[in-house]
S.K.: 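Got a structure here, written out as structure tokens. Questions coming.
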Amino acid sequence: MRETFTKGMARNIYYGGGVFFFLVLIGLTVDTVRGLPKTDNSQNLTEEVAAGKRLWEINNCIGCHTLLGEGAYFAPELGNVYTRFGESTDAIKGFIMSRPKDGIPGRRSMPQFNFTPDELEEIAQFLKYVDGIKVARDWPPNKEG
Amino acid sequence: MNTAIIEQEPKLLPGDLAIWFFIFMELLVFGIAFISYAVVRVQNEDMFNQFQLTLNTELGAINTIVLITSSYFVVRAVHTIKNHGDYIGCSHWLYAAIAGGGVFLVLKSFEYYDKFSAGISLSTNTFYMFYLSLTMFHFLHVILGMIILLAIAIKAQRGGYSASNHIGVESGASYWHMVDLVWIILFPLVYVMR
Amino acid sequence: MKYQSQSIAKLYFIAAIGLFVGQILFGVTLGLQYVIGDFLFPEIPFNVARMVHTNLLIVWLLFGFMGSAYYLVPEESERELYAPWLAKLMFWIFLIAGALTILGYLMVPYATLAEITMNDLLPTMGREFLEQPTITKIGIVIVALAFLFNIGMTILTGRKTVISLVLLTGLIGLAVFFLFSFYNPDNVVMDKYFWWFVVHLWVEGVWELIMAAMLAYVLIKVTGVDREVIEKWLYIIIAMALISGLIGTGHHFFWIGAPDYWQWLGSIFSAIEPIPFFMMTLFAFNVVNKRRRDHPNKAAVLWALGTAVMAFLGAGVWGFLHTLAPVNFYTHGTQITAAHGHMAFYGAYVMVILTMISYSMPLMRGKQAGNARAQVIEMWSFWLMTVAMVFITLFLTGAGILQVYLQRYSDTPLGFMATQDKLEIFYWAREGAGVIFLIGLFLYIYSFFAKGEDVVMPEAAVAS
Amino acid sequence: MMKSETSKNNEQQLKNASNAALASLLNLTILPVISFIALLFIYKKTQPGNIDHYHAVLGIKINITAALALFLVSTLMIVLGGFHSPWTWVYVITYFTIVHTIFIVFAIWALVRSWSGDKLRSKHN
């Protein structure tokens with residue numbers, strides 16, 4: 001073992017490097033959060049959208065779908081579903097309502113959630129809002145998501 | 001880690017091997033960043049040339065001299081402890097080097113103040129993104145380097161190093177030279193080359 | 001085993017393995033749902049099965065980490081555990097809370113679960129991996145605090161070694177970053193940004209510290225190599241992990257509405273993220289090559305080497321494969337991510353816990369190592385599970401590449417479901433590999449009960 | 001232990017062997033081509049029958065095999081499969097990644113063995 005590879009120095013690099021890069025991460029986070037209003041579509045973040053997000057969460061939509069590429073990969077991307085469905089919240093609502101209760105034989109199918117008309121509107125508005133987020137390079141690459 | 005090579009060649013690298021892992025990692029990061037910069041520059045040459053003109057080359061040049069001088073002080077510090085075992089002298093050279101780093105930070109802060117008050121940020125455009133992230137990342141390394149040198153200087157002043165035991169000084173010096181080296185590449189790349 | 005309280009680990013390990021079996025059973029179910037879309041529908045829809053699969057993974061890994069810590073820390077600290085009763089109490093609380101949560105997922109619709117656990121008061125549910133009801137999350141925090149207190153007091157009042165201190169910082173980080181799971185703003189971008197402070201800073205940050213510490217511990221024990229040497233390696237490896245991994249978080253911020261510069265920062269830093277894993281392989285190989293003795297527990301050595309290699313493969317190579325922004329633009333949220341996720345979790349975290357179990361379980365049962373036949377069976381299970389996982393990864397990678405091409409890269413992109421139909425062959429193959437994995441897992445469990453001749457090795461007298 | 005009883009000559013061999021194995025690994029990872037040239041230079045310094053010669057030759061063999069296995073086979077796949085076929089890329093990318101990694105892991109083991117002055121398969125110690 002080389003004498004001049006000391007544990008003390010290795011330890012200092014671990015703590016020093018860790019703290020240093022953590023501080024850099026915090027700094028970048030501050031910058032990011034301050035800059036977000038330009039891209040995060042928060043001007044359209046209404047009560048209705050917030051309620052839609054809650055519905056999105058308590059029905060665990062992320063367990064099959066992806067939203068901006070994150071989630072499960074079992075069902076289509078929904079970050080751009082508003083665009084894909086011809087910028088129509090009615091089309092989104094219609095799709096959610098149309099799901100058969102017992103599924104489609106042999107195929108994947110979204111469950112029937114029995115949403116009320118208000119809830120449907122909230123979900124649709126939420127998806128519209130997500131579509132309005134200005135994502136770098138306009139991800140996903142095309143409307144298929 | 002019983003690298004037999006190093007065992008037989010204690011003079012392969014000055015300082016602690018551990019710091020060289022760190023330096024290697026840092027250089028890798030800066031290296032990839034510089035290559036990315038060069039590639040993007042080629043793709044957006046006009047835009048880069050245009051905004052490059054807004055940078056303060058004089059301050060950058062002065063800062064280059066400041067850092068090289070500071071590096072020289074560090075070399076003196078290593079020389080002093082290694083050949084004369086003079087830990088007080090060593091610590092004085094280190095304080096001089098830290099002062100050099102301080103001058104660099106002050107000058108750089110003027111430059112940043114200028115840019116920030118003009119409303120420039122990381123998201124302004126690709127050139128400023130690179131300019132700011134590269135120089136600020138380097139800026140933080142200068143601060144880190146100064147902290148390292150300070151710790152070593154204080155230890156040296158208390159007689160923590162001697163002619164036979166000066167690895168800590170060499171390690172800090174190696175790190176400081178890396179910070180200097182990165183600037184010497186960064187300055188022409190971002191400020192001058194067109 | 002030198003200290004009585006170490007045996008608490010056994011409890012945790014048994015629970016961990018039990019939950020592991022549950023995880024894989026649900027994994028196989030999920031794999032089948034990929035090809036037979038209405039399998040178990042609507043009783044157990046995909047999202048529920050997936051939630052159970054991933055949550056069981058997290059819970060059993062936590063059990064594994066805790067068990068490992070309870071085994072490792074008393075020995076490193078050279079004293080009994082500070083409060084063995086607390087460890088036992090927390091075990092039952094955690095197990096019952098975990099089991100109730102999983103039952104909740106399975107028995108009632110998720111929305112009902114949200115209602116009865118009063119998610120409205122502090123909504124935290126329904127985000128990937130953080131699906132647990134808020135009350136469970138609070139439970140996790142309490143268990144984690146009690147655990148940290150117990151471990152922390154043991155370490156601080158005993159011998160402080162590098163391994164136990166690194167483990168402690170990792171575990172503290174685990175608890176601290178979990179707190180971000182309580183932050184769930186209406187703003188989707190903010191939600192996603194800070195969601196990664198749990199997920200990324202766990203798996204590519206503090207968990208790596210825990211993993212490296214555990215691996216280092218087992219390597220010291222089974223090779224007899226100088227502690228000094230191993231500790232230096234440990235520090236350097238985890239330093240590299242933090243240096244690359246902290247800003248490397250940026251590779252998750254490419255397409256969620258965060259500023260453009262993350263594409264550069266995330267790409268540059270995550271390009272060096274394989275280095276710590278690479279060094280871990282180098283480290284494990286080197287230490288085993290330089291071993292001072294042949295430990296009778298050959299299976300544990302195999303697991304340790306396997307961890308290093310598979311972590312490099314899964315986390316390092318497969319992570320690098322799709323981490324650069326121009327590549328990730330096409331691969332983000334496809335089966336490539338699933339491929340990477342499977343191998344990285346198996347290679348880094350599943351295997352390191354199995355390494356700890358493999359090493360410590362015989363000692364807790366009063367033997368140096370499992371008998372010869374048990375070890376052979378265990379090694380078979382190692383190869384079956386590992387090779388199966390390699391194939392799961394390869395098939396999912398193939399599926400992902402085809403998916404990217406058909407759905408995103410092609411001039412005439414296919415829709416999501418049309419693309420999925422074209423991937424069926426890969427999903428069938430993956431399911432086959434999954435079944436092999438399950439067989440490997442059963443074999444692993446069987447190895448604990450296999451009877452045979454004890455392994456006797458004279459040099460091993462110094463071990464443990 | 002080997003080191004204590006070895007002469008200056010053996011130490012030089014050990015150093016060469018380590019460098020050769022390192023060059024071989026670097027050629028497979030972050031410094032392709034340049035490292036291979038370095039490896040050839042190390043090879044020229046070695047004598048047949050010595051451990052450094054063994055590792056230099058091993059490194060050259062690994063890297064030539066890797067180059068063939070990775071580039072020749074990948075090129076063949078692309079030529080035979082067609083550049084615009086998705087299946088070509090399914091095979092090429094998956095194949096390249098896994099085979100490349102296997103070579104790297106192999107080279108890591110070779111490096112570790114060279115550090116202790118051992119051949120790839122000879123008994124430890």
Side-chain angles (χ1 to χ4, degrees), chain A residues 1 5 7 10-11 13-14 17-18 21-22 24-25 28 31-33 35-36 39-40 42 45 49-50 53-54 56-60 62-64 66-77 101-109 111 129-130 133-137 139-142 144-145, chain C residues 33-34 36-38 41-42 45-48 50-51 110-111 114 119 123 125-128 131 162 186-190 192-193 228-229 231-232 235-236 238-239 242-243 246-247 249 253-260 263 265 329-330 332-335 337-338 407-409 413-417:
Chain A
M1 190 81 248
F5 178 22
K7 198 163 80 187
R11 184 194 59 225
I13 288 170
Y14 163 56
F21 281 93
F22 191 64
V24 175
L25 178 65
L28 289 165
D31 183 78
T32 298
V33 170
L36 274 192
T39 54
D40 67 5
S42 45
L45 185 49
V49 169
K53 182 170 186 278
R54 205 64 69 228
W56 162 272
E57 285 165 3
I58 63 171
N59 289 288
N60 195 30
I62 205 88
C64 293
T66 49
L67 190 72
L68 300 182
E70 292 165 4
Y73 321 107
F74 189 70
E77 162 69 31
K101 194 175 144 296
D102 293 316
I104 309 164
R107 304 277 301 167
R108 303 180 195 176
S109 171
Y129 149 79
V130 176
I133 293 170
K134 286 198 193 66
V135 176
R137 289 185 65 190
W139 192 92
N142 62 46
E144 299 300 346
Chain C
Q33 287 181 333
Y34 256 96
I36 305 172
D38 64 343
F41 190 90
F46 181 87
N47 68 322
V48 171
R50 181 187 197 258
M51 193 159 61
Y110 192 67
N119 186 53
M125 289 173 74
R127 293 171 305 150
E128 197 186 1
E131 294 95 345
V162 173
D186 292 335
N187 184 329
V188 168
V189 182
M190 289 284 276
K192 283 180 174 292
Y193 189 90
E228 277 288 303
V229 177
E231 286 174 341
K232 287 172 196 172
Y235 268 138
I236 289 293
I238 57 176
L242 289 186
I243 290 168
L246 285 170
I247 310 295
T249 323
F253 300 155
F254 294 163
W255 327 113
I256 61 166
D260 287 359
Q263 287 175 58
L265 295 176
F329 180 69
Y330 290 105
H332 180 51
T334 64
Q335 295 297 325
T337 319
Q407 191 188 323
R408 289 189 173 159
Y409 188 75
L414 291 179
F416 181 88
M417 287 311 296

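These values consider heavy atoms only, across backbone and side chains, with no hydrogens, waters or symmetry-generated copies.
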S.K.: So which heavy atom on C:Leu242 is nearest to which on A:Tyr14, and how close?
M.R.: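 Nearest pair, atom of C:Leu242 first, then A:Tyr14: CD1-CE1, 3.6 Å.
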S.K.: So which of C:Thr249, C:Ile36, C:Ile247 has the biggest tally of heavy-atom pairs under 4.5 Å with chain A?
M.R.: C:Ile247
S.K.: With chain C as the partner, which of A:Ser109, A:Gly145, A:Gly18 has the greatest number of non-hydrogen pairs under 4.5 Å?
M.R.: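 The option with the most such pairs is A:Gly145.
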S.K.: Using the rule given for side chain to side chain contact (heavy atoms under 4.5 Å, CB included), can you reason through C:His332 versus C:Thr337, listing the C-alpha separation, both sets of side-chain angles and the distance that settles it, and then say yes or no?
M.R.: CA-CA 7 Å; C:His332 180 51; C:Thr337 319; 5.5 Å; no
S.K.: Does C:Asp186 come within less than 4.0 Å of A:Arg54, counting only side-chain N to carboxylate O?
M.R.: yes
S.K.: Please rank A:Val24, A:Ile13, A:Leu36 by heavy-atom pairs under 4.5 Å with chain C and give me the top one.
M.R.: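 Heavy-atom pair counts peak at A:Leu36.
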S.K.: Quick one: of A:Asp31, A:Ile62, A:Thr32, who has the most non-hydrogen atom pairs under 4.5 Å with chain C?
M.R.: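 Of the candidates given, the most pairs with chain C belong to A:Thr32.
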S.K.: Between A:Pro111, A:Pro140, A:Ser42, A:Gly17, who has the most heavy-atom pairs with chain C when the cutoff is under 4.5 Å?
M.R.: A:Pro111
S.K.: Could you look at C:Pro413 and say if it's the side chain, the backbone, both or neither that has a heavy atom under 4.5 Å from chain A?
M.R.: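 Both parts, backbone and side chain.
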S.K.: In terms of heavy-atom pairs under 4.5 Å, which option from C:Ala114, C:Pro45, C:Ala111 contacts chain A the most?
M.R.: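 Heavy-atom pairs under 4.5 Å are most numerous for C:Ala111.
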S.K.: Sort A:Asn142 into side chain, backbone, both or neither according to what part of it lies under 4.5 angstrom from a heavy atom of chain C.
M.R.: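 For A:Asn142, the contact with chain C is made by the side chain alone.
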S.K.: Tell me, for C:Ala239 versus chain A, whether the close heavy atoms (under 4.5 Å) come from the side chain, the backbone, both or neither.
M.R.: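 When you check distances to chain A, atoms from both the backbone and side chain of C:Ala239 fall under 4.5 Å.
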S.K.: Report which part of C:Arg408 has an atom under 4.5 Å of a heavy atom belonging to chain A: side chain, backbone, both, or neither.
M.R.: both
S.K.: Output yes when C:Arg127 and C:Glu131 qualify as a salt bridge under the 4.0 Å nitrogen-oxygen rule, no when they do not.
M.R.: no
S.K.: Of the backbone (N, CA, C, O) and the side chain (C-beta and beyond), which part of A:Lys53 lies under 4.5 Å from a heavy atom of chain C, both, or neither?
M.R.: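 Side chain of A:Lys53 only, per the 4.5 Å heavy-atom cut-off to chain C.
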S.K.: Please classify the contact between A:Val130 and chain C as side chain, backbone, both or neither, with a heavy-atom cut-off of under 4.5 Å.
M.R.: side chain
S.K.: Mind checking what makes side chain to side chain donor-acceptor pair (under 3.5 Å) contact with C:Tyr110, not counting sequence neighbours?
M.R.: none
S.K.: Could you tell me whether C:Phe254 and A:Trp139 have their ring centroids closer than 6.0 angstrom?
M.R.: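 Ring centroids of C:Phe254 and A:Trp139 are no less than 6.0 Å from each other.
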S.K.: Please walk me through it: do C:Phe46 and A:Arg108 pass side chain to side chain contact (heavy atoms under 4.5 Å, CB included)?
M.R.: CA-CA 9 Å; C:Phe46 181 87; A:Arg108 303 180 195 176; over 6 Å; no
S.K.: Would you say the side chain of A:Asn59 lies within less than 4.5 Å of the side chain of A:Trp56, judging by non-hydrogen atoms?
M.R.: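 They are not in contact (no side-chain heavy atoms under 4.5 Å apart), so the answer is no.
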S.K.: At a heavy-atom distance under 4.5 Å, which candidate from A:Ile133, A:Leu45, A:Leu28 has the highest pair count against chain C?
M.R.: A:Leu28
S.K.: Which atoms of C:Met51 are under 4.5 Å from chain A, going by heavy atoms: the side chain, the backbone, both sets, or neither?
M.R.: side chain
S.K.: Side chain, backbone, both or neither: which part of C:Tyr193 has an atom under 4.5 Å from a heavy atom of chain A?
M.R.: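 For C:Tyr193, the side chain is the part near chain A, not the backbone.
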S.K.: Among A:Lys134, A:Glu77, A:Lys101, A:Arg11, which residue forms the greatest number of heavy-atom pairs with chain C at distances under 4.5 Å?
M.R.: A:Arg11
S.K.: Which answer fits C:Leu414, side chain, backbone, both or neither, if we ask what part of it has an atom under 4.5 Å from a heavy atom of chain A?
M.R.: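 Contact with chain A: backbone only.
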S.K.: Show, in sequence, the C-alpha distance, side-chain angles and deciding distance for A:Thr66 and A:Tyr73, and conclude whether the side chain to side chain contact (heavy atoms under 4.5 Å, CB included) test is met.
M.R.: CA-CA 6 Å; A:Thr66 49; A:Tyr73 321 107; 3.6 Å; yes
S.K.: Would you indicate whether the side-chain heavy atoms of A:Tyr129 and C:Val188 approach each other to under 4.5 Å?
M.R.: yes
S.K.: Could you tell me whether C:Lys192 and A:Glu70 have a side-chain N and a carboxylate O separated by less than 4.0 Å?
M.R.: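 Yes, C:Lys192 and A:Glu70 are salt-bridged.
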S.K.: Which atoms of C:Asn119 are under 4.5 Å from chain A, going by heavy atoms: the side chain, the backbone, both sets, or neither?
M.R.: side chain
S.K.: Checking A:Leu25 against chain C: side chain, backbone, both or neither under 4.5 Å from a heavy atom?
M.R.: both
S.K.: I'd like to verify something: which residue of C:Tyr330, C:Tyr235, C:Phe253, C:Tyr409 has the highest number of heavy-atom pairs under 4.5 Å with chain A?
M.R.: C:Tyr235
S.K.: Contact part of C:Thr334 toward chain A, heavy-atom cut-off under 4.5 Å: side chain, backbone, both or neither?
M.R.: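 Backbone only.
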S.K.: If I measure from the heavy atoms of chain C, does A:Ile104 come under 4.5 Å with its side chain, its backbone, both, or neither?
M.R.: backbone
S.K.: Step by step, work out the side chain to side chain contact (heavy atoms under 4.5 Å, CB included) result for A:Phe21 and C:Ile243.
M.R.: CA-CA 6 Å; A:Phe21 281 93; C:Ile243 290 168; 3.6 Å; yes
S.K.: Do the rings of C:Tyr34 and A:Phe74 sit parallel, tilted or perpendicular, given the 30° and 60° boundaries?
M.R.: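 Aromatic pair C:Tyr34/A:Phe74 classed perpendicular.
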